[in-house]
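Everything on this sheet refers to the single structure shown next.
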There are 2 protein chains.
Amino acid sequence: MSLNDAAEAPRQRRRGEDLENALLDAAWEELKLAGFNDLTIDAVAQRAGTSRAVLYRRWPGKMEMVAAATRHAILRDRGPAPEPVGDLREDLLHLLRWANRSDVRTIIEATAHLGAYLAQEKLTYRDVRDYFLGGRPPQSHSPIEAAIARGEIDDASVSPRVRSLAFDLFRHEVILNQQPLSEEAMVEIVDDIVVPLLTRKR
Amino acid sequence: MSLNDAAEAPRQRRRGEDLENALLDAAWEELKLAGFNDLTIDAVAQRAGTSRAVLYRRWPGKMEMVAAATRHAILRDRGPAPEPVGDLREDLLHLLRWANRSDVRTIIEATAHLGAYLAQEKLTYRDVRDYFLGGRPPQSHSPIEAAIARGEIDDASVSPRVRSLAFDLFRHEVILNQQPLSEEAMVEIVDDIVVPLLTRKR
DNA sequence: ATCATTAAGAGACATTGCGTATCTTCACCG
DNA sequence: CGGTGAAGATACGCAATGTCTCTTAATGAT
């Protein structure tokens, strides 16, 4: 056996970005497996092959670690939102389907738990979303913007609250059900609510 | 001084409903003070002037205790919903204001935490709402029902999702902000979304 | 009235997770 | 190379959990 043999070779020490990524990956994995409540810092440390001290050096507590891990996972996994093709209904549905990945459950659960923390820190939900998206402008309105550009709907009649309506209802449903939306639910949101509201005659 | 003097007379032992109410009151108070995460079974026991064992005899854990306490507080405090007076917009606003009591924050927080628990138990949110409301039919749709009865809007065009829309948006906002809605937010929900959707020309 | 039963309330216990502190050893930088 | 800063291991005290045991008060049946 050589000296560099695999078996119980003392794992070489990671640093900087390498380590950080390993920690965040481990945290995200544990979050998916155990959920927020059952997540322990210790389990994350073990999965990452390190000790709790290393985690505490980076984040003051579970909340911050989960926030960082969620942001990390979102920025890593989530591809760009689908571009509008010119049909309001279809574009909205595509966007919801895009958002409705299997790990939304974990993301939304983290977001919900973040809520309690937010109140203390006097942050708004907007701050969190911005944090999670890493400064990228939210593309969730683009089907509506595109429809406005096409002249199909009137800019002035679409308040910020209406613009975010589809995603608000989406988020609400995921929070309550703790799972991705069914195809039917997405179609109902679009066909019963968002599209009728946007295209109503006045 | 008589024998029954107050001072440090050994508190007589409570049983049955008396005790149960005292426990639930204590749990609700602690929940309001500390929030779900910081709530300890011990604090509830102390506030109720008893010991943890008594609580564990009734509920298997924090989650179930909080659920029971929330239900208890809702059934005790919440008066009947305001009756519709015949103006859709005003009736919706009254209903939202009625729901927007200062303790909604606590209620909704409990509900949100319940979410994680629900997933395990394969319960739907509907089950929880029914549990919280103690079997009472939700009156939240009544302004819409009244408007339908008056012939102002068409029954067929109002799907279940549309009927619960105002409350869904209300709930979504409370969960995200972890506090009661502002008057402006309620007006926006009603004026920008719910009423236009319900009264649109087709 | 008295006696058996049930559960209240007090307290002890082991267990688990948290957050901190200490110590050695490695990786990097000049 | 030699200094520095952080990795990773480990130990500690603390807080909360959930279980158990023990006594004693309240209750219901005889």
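By convention in this document, chain letters (A, B, ...) are assigned in the order of the sequence lines, proteins followed by strands, and residues within each chain are numbered from 1. None of these values were measured; they are calculated from a predicted model.
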Between [atom2] of [N] and [atom1] of [X], the distance in whole Å:
| X | N | atom1 | atom2 | answer |
| --- | --- | --- | --- | --- |
| A/Lys62 | C/dG17 | NZ | P | 10 Å |
| B/Trp59 | D/dT19 | CH2 | C1' | 18 Å |
| A/Gln12 | D/dA9 | CD | P | 14 Å |
| A/Leu55 | C/dT20 | CG | P | 13 Å |
| B/Tyr56 | C/dA14 | OH | C1' | 14 Å |
| A/Met63 | C/dC18 | CE | P | 13 Å |
| B/Gln46 | C/dG11 | CD | C1' | 13 Å |
| A/Asp18 | D/dA7 | CG | P | 12 Å |

One thing to verify: whether B/Arg163 and B/Glu145 come together as a salt bridge, which I'm taking to mean a side-chain N less than 4.0 angstrom from a carboxylate O.
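Yes.
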Counting C-beta onward and ignoring hydrogens, is there a side-chain heavy-atom pair between [X] and [Y] closer than 4.5 Å?
| X | Y | answer |
| --- | --- | --- |
| A/Arg150 | A/Leu88 | yes |
| B/Ile41 | B/Lys62 | yes |
| A/Glu183 | A/Arg97 | yes |

Give a yes/no on whether any side-chain N or O of [X] is located under 4.0 angstrom from OP1 or OP2 of [N].
| X | N | result |
| --- | --- | --- |
| A/Arg52 | C/dT20 | no |
| A/Arg58 | D/dA7 | yes |
| B/Thr50 | C/dG9 | yes |

Donor-acceptor pair under 3.5 Å: do we get one between [X]'s side chain and the base of [N]?
| X | N | answer |
| --- | --- | --- |
| B/Arg15 | D/dT27 | no |
| B/Arg14 | C/dG9 | no |
| B/Ser51 | C/dA10 | yes |

Choosing from C/dA27, D/dT17, D/dA25, which nucleotide comes nearest the side chain of A/Arg13?
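Of the candidates, C/dA27 comes closest.
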Candidate nucleotides C/dA8, C/dA10, C/dC18, ranked by approach to the side chain of B/Ala53 - the nearest:
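Of the candidates, C/dA10 comes closest.
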Specify the residue among A/Arg57 and B/Ala43 whose closest nucleotide of DNA chain D lies further upstream toward the 5′ end.
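Looking at DNA chain D, the more 5' nearest nucleotide goes with A/Arg57.
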Reported CG-to-CD distance for the pair B/Leu95 and B/Glu90, which is rounded to 0.5 angstrom
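Spacing of CG (B/Leu95) from CD (B/Glu90) equals 12.5 Å.
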